[in-house]
Structures are given as structure tokens and as C-alpha cells.
Amino acid sequence: MTVTASAPTDAPKATQVLGIETSCDETAAAVVESGSVLRSSVVSSQVELHALYGGVVPEVASRAHLDLIIPVVSAALAEAGQQLTDIDAIAATHGPGLVGALLVGVSAAKSLALVCDVPFVAVNHLEAHLYAAFLEDADLQLPMLVLLVSGGHTMLVLMQGQLRYRVLGATLDDAAGEAFDKVARVIGLGYPGGPAIDRLSTQGDPCAVAFPRALAKQGWDFSFSGLKTAVANHVRKNPNVARADVAASFQEAVVEVLVEKARRAAREFGVGAICLAGGVAANSRLRARTAEVCAADGLRAVIPSRAMCTDNAAMVAAVGWHRLQACGSASLSTGASPSLSLLN
Ligand code: KG4
Ligand code: ZN
């Protein structure tokens, strides 16, 4: 018997997708045409609110998303020169992330989809990060190796084709961004820690302290909790150490492991490009070292603008368009999935 897969009955002709992102501490909305043409992108950061507490407070984040979601969506539509009636589909991040924060975006997207009678698309936040680079270069060739480094995840992903991935490795403990944030606290820098360490490192010596490079030459997984503990121990034993030297040495250890592993994977899997994604991809040293290594190895370095690395809704709208083409719309009974994985 031959079974022929039928196209989804609600297969879309949609071109203008409104994306909504509320998985953590950024309330964001964007309009993207046909999966890669950016019409608008608005991001309202809650950083100042959470800085008072030294980190993201889930309840504070949910309440802020509630206050901001309608103004941010209105601003994204206005920036795109569009009305809600021009939108063909509405995509929102439904996981992974903070459950209360995700629910605000998902509920807003489903309500708007119902009112406008357009498809709702549930988007995986990790998959959205993988697609951010396409918003700046729609002709990127696959396969490509993506180093996805954010506050909650660190993954080496072989992007084989559209919506087709193989996760080669991931962190066994702390995510790279989490390590940046925790080390920043240890050396007395404020929240968010990643950008603060990036800035301070410019004044420090990256060779001042030889911090450990866990798993640098083994396999595809990562581990950063030992490094974080090594920094804490070093600061405790050397209270007068120059913080800039600690920051630069820590940053160098993280970057070296990330880039060397990506370089080895590109060689082993015969891939011609390394792409950076996620908030930590905004790091100056990671960007510079990736460019250097790719130039040396004859690889293409795909390094999106910082705004495309950190959380935004344009990447959500981009994936929404691809998912809509491939799978049709999601059910309006879709809820938040705080622990969603890339290959769920
Ligand atoms: O992707 P993202 O915006 O949110 C998540 O999905 O987690 O990533 C946030 C993470 C935080 O840990 C933040 O400290 C880190 O990205 N980050 C940086 C830099 N900018 C943001 N880490 C190092 N250097 C930076 N310049
Ligand atoms: Zn993210």
C-alpha cells in the first residue's frame, strides 16, 4: 500500500507574520515577511526592573510582560506601517522559558489570531535563535554549524536543512550565559553579567589566570560549572586580584572552548560555515575569535548583529513562517512548554 502524505488543509499563503516573544525578560514583537524580510522589530527590555534583584524574578517578568505586550505589539505594527488586518499569521514563543512569562505571549497571540481569524503558530525559542541569521542573509547555505549560546542553553547544532537539525552536543551543567552571569556576581559586577564582563575584559589580561578549559578536546558536550567554581576560588584566595584580569581570563576560557569545539565539529562534519546564535553570541571576544578561526580554516563566519543574537521577536516570526509552511497552524489549545527541547 502506498501512503501519500497530504498537505495540511490549512496550508497558508501567509506572508506577513507577527512574531511575539516573552520567554524571559524581553517583551518583543516584530513583523517579518515571507520568513526573512524584516519589516519591524521592537524589543522592550526589563533589565532595569530585574537589576534591582540581581537576576530575573519570574513573577516580576510576567507582570511586566502583561503591562508591555499590547504597547509593544502596537509599536511593531506601527513601525512596519501595518494594521492588524494586514497580518496573515501570528507566531509566539511557547517554550522553553519561564512559564508565567511564556503564557502572556502565547495568550496574546492566540487571542489576536482568534479575533483576526488568522493562523496561530507555536514557536520553539531555541529554533528561533537558529533562524535569526537568516533575517540578515536570506541566502545562507545549509548545512551549517550553529553555536547556540544563551542564558539557558549551550548547544552545538548541525543545521542540515530547513527545520532539520542534529544536536551534536550541549552543556552538561551551566549554560555559557549562566556562567557569565554567575561569575559577574562573584566579581561584583551587576546584572546582566555577560555584557558587564565583556566590557570589563577590554581592560584586563586574558592570560593573567589559567582557568580550566573543561572538555576542550573531548566530544561535543560542554561543561562550565567547574570554571565558575575555579573563578570563585581564585577570587576568594586572592581578594586583591584585578577584577578586569579575572573577567578577561574567564571570558577567554569560555570562548576558547566554544570556538575550538565548533571548529573541530566543522572539520569532522565537513561543514563550510559556523554561525553564532543566542545572547552570548553578542560577546566581543567570541565574535572576534570565531571570525579569526573561520578565516584560518577557510570557513564562512556567520555572525549576526548583536540585536539578532539577543532575544527578539523577528526570529520568532521567521520560524513561524517556516513552521506554517511545513506544518500548518497550531491548535488554540496550545499552552506554554517551559522545558521544551529543540528536538521535542
Ligand atoms: O539569548 P538570550 O538573550 O536569552 C536567553 O534565551 O537566555 O541570552 C541571554 C544571555 C545572558 O546570560 C547574558 O548575560 C548573555 O546572554 N549575554 C552576554 C553578552 N550579552 C548577553 N554574554 C557575554 N557577552 C555579552 N556581550
Ligand atoms: Zn534566547
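Note that the coordinates shown come from a computational prediction; the quantities given were computed from them, not determined experimentally.
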Is there a side-chain contact between [X] and [Y] (heavy atoms, below 4.5 Å)?
X      : Y      : value
Glu127 : Arg323 : yes
Val37  : Arg39  : yes
Leu276 : Val302 : no
Leu258 : Thr154 : yes
Leu142 : Gln160 : no
Leu147 : Leu156 : yes
Lys110 : Leu114 : no
Lys261 : Val259 : no

Under 3.5 Å, is there a donor-acceptor pair between the side chain of [X] and the main chain of [Y]?
X      : Y      : result
Asp25  : Val56  : no
Thr202 : Arg199 : yes
Ser329 : Pro119 : no
Ser337 : Ser339 : no
Asn312 : Thr310 : yes
Asp198 : Ser201 : no
Ser249 : Asp205 : yes
Asp137 : Asp139 : yes

Intermediate values then yes/no, salt bridge (Lys or Arg N to Asp or Glu O under 4.0 Å), Arg267 and Asp297: CA-CA 9 Å; Arg267 227 177 267 152; Asp297 290 5; 3.5 Å; yes
Please report the interatomic distance [atom1]([X]) to [atom2]([Y]), rounded to the nearest 0.5 Å.
X      : Y      : atom1 : atom2 : value
Glu252 : Cys207 : CD    : SG    : 6.5 Å
His94  : Leu102 : NE2   : CG    : 9.0 Å
Trp220 : Leu158 : CH2   : CG    : 10.5 Å
Thr27  : Asp67  : OG1   : CG    : 9.0 Å
Cys294 : Ile303 : SG    : CD1   : 7.0 Å
Leu130 : Phe134 : CG    : CZ    : 9.0 Å

Glu136-Ser305 side chain donor-acceptor pair, cut-off 3.5 Å: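 There is such a pair (donor and acceptor under 3.5 Å, judged by atom type) between the side chains of Glu136 and Ser305.
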Gln82 side chain to Gln16 side chain, donor-acceptor N/O pair below 3.5 angstrom: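 Yes, Gln16 and Gln82 have a side-chain donor paired with an acceptor closer than 3.5 Å.
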Search all heavy atoms of [X] against all heavy atoms of [Y] and return the closest pair with its distance.
X      : Y      : result
Cys309 : Pro304 : SG-O, 3.7 Å
Leu126 : Leu340 : CD1-O, 4.4 Å
Ser23  : Thr93  : CB-CG2, 3.9 Å
Cys24  : His65  : O-NE2, 2.8 Å
Ala29  : Val72  : N-CG1, 3.5 Å
Val246 : Phe211 : O-CE1, 3.9 Å

Is [Y] reachable from [X] through a run of I, L, V, M, F, W or Y residues, each pair having side-chain heavy atoms under 4.5 Å apart?
X      : Y      : value
Val146 : Leu342 : yes
Leu148 : Leu286 : no
Val255 : Val280 : yes
Val167 : Val123 : yes
Phe180 : Leu227 : yes

Positive for side chain to side chain contact (heavy atoms under 4.5 Å, CB included) with Leu18, one of Val32, Val31, Asp88: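 Result for side chain to side chain contact (heavy atoms under 4.5 Å, CB included) with Leu18: Val31.
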Stepwise side-chain hydrogen bond (donor to acceptor under 3.5 Å, both in side chains) check, Glu33 with Thr15: CA-CA 5 Å; Glu33 186 178 304; Thr15 54; 5.8 Å; no
Check against side-chain contact (heavy atoms from CB on, under 4.5 Å), Ile197 and Asp181: CA-CA 9 Å; Ile197 288 188; Asp181 294 335; over 6 Å; no
Under the side chain to side chain contact (heavy atoms under 4.5 Å, CB included) test, residues paired with Arg306 that sit two or more places apart: Ala282, Ser284, Arg287
For Cys116, side chain to side chain contact (heavy atoms under 4.5 Å, CB included) partners two or more places apart: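 Side chain to side chain contact (heavy atoms under 4.5 Å, CB included) check on Cys116 returns Leu84, Val118.
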Pair Glu260 + Arg264: basic N to acidic O under 4.0 Å: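 Salt bridge: no.
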Stepwise side-chain contact (heavy atoms from CB on, under 4.5 Å) test for Phe222 and Val257: CA-CA 8 Å; Phe222 302 90; Val257 173; 4.0 Å; yes
Gln251 and Asn283: CA distance, side-chain angles, deciding distance, side-chain hydrogen bond (donor to acceptor under 3.5 Å, both in side chains) verdict: CA-CA 9 Å; Gln251 177 176 273; Asn283 182 266; 2.9 Å; yes
Verdict with supporting geometry, Gln83 and Leu77, side-chain contact (heavy atoms from CB on, under 4.5 Å): CA-CA 6 Å; Gln83 315 272 324; Leu77 288 169; over 6 Å; no
Pair Val42-Glu79, side-chain contact (heavy atoms from CB on, under 4.5 Å): steps then yes or no: CA-CA 8 Å; Val42 175; Glu79 193 178 295; 3.5 Å; yes
Sequence neighbours excluded, every pair satisfying salt bridge (charged side-chain N to carboxylate O under 4.0 Å, His left out) that has a member inside residues 209-236: Asp174-Lys228, Arg213-Glu256
side-chain hydrogen bond (donor to acceptor under 3.5 Å, both in side chains) assessment of Tyr191 paired with Glu48: CA-CA 9 Å; Tyr191 166 85; Glu48 283 171 22; over 6 Å; no
His129 vs Asp311, side-chain hydrogen bond (donor to acceptor under 3.5 Å, both in side chains): CA-CA, chis, key distance, verdict: CA-CA 8 Å; His129 274 303; Asp311 286 351; 3.0 Å; yes
Aromatic plane relationship, Tyr165 with Tyr131 - under 30° parallel, 30 to 60° tilted, over 60° perpendicular: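 Rings of Tyr131 and Tyr165: perpendicular, as their planes differ by over 60°.
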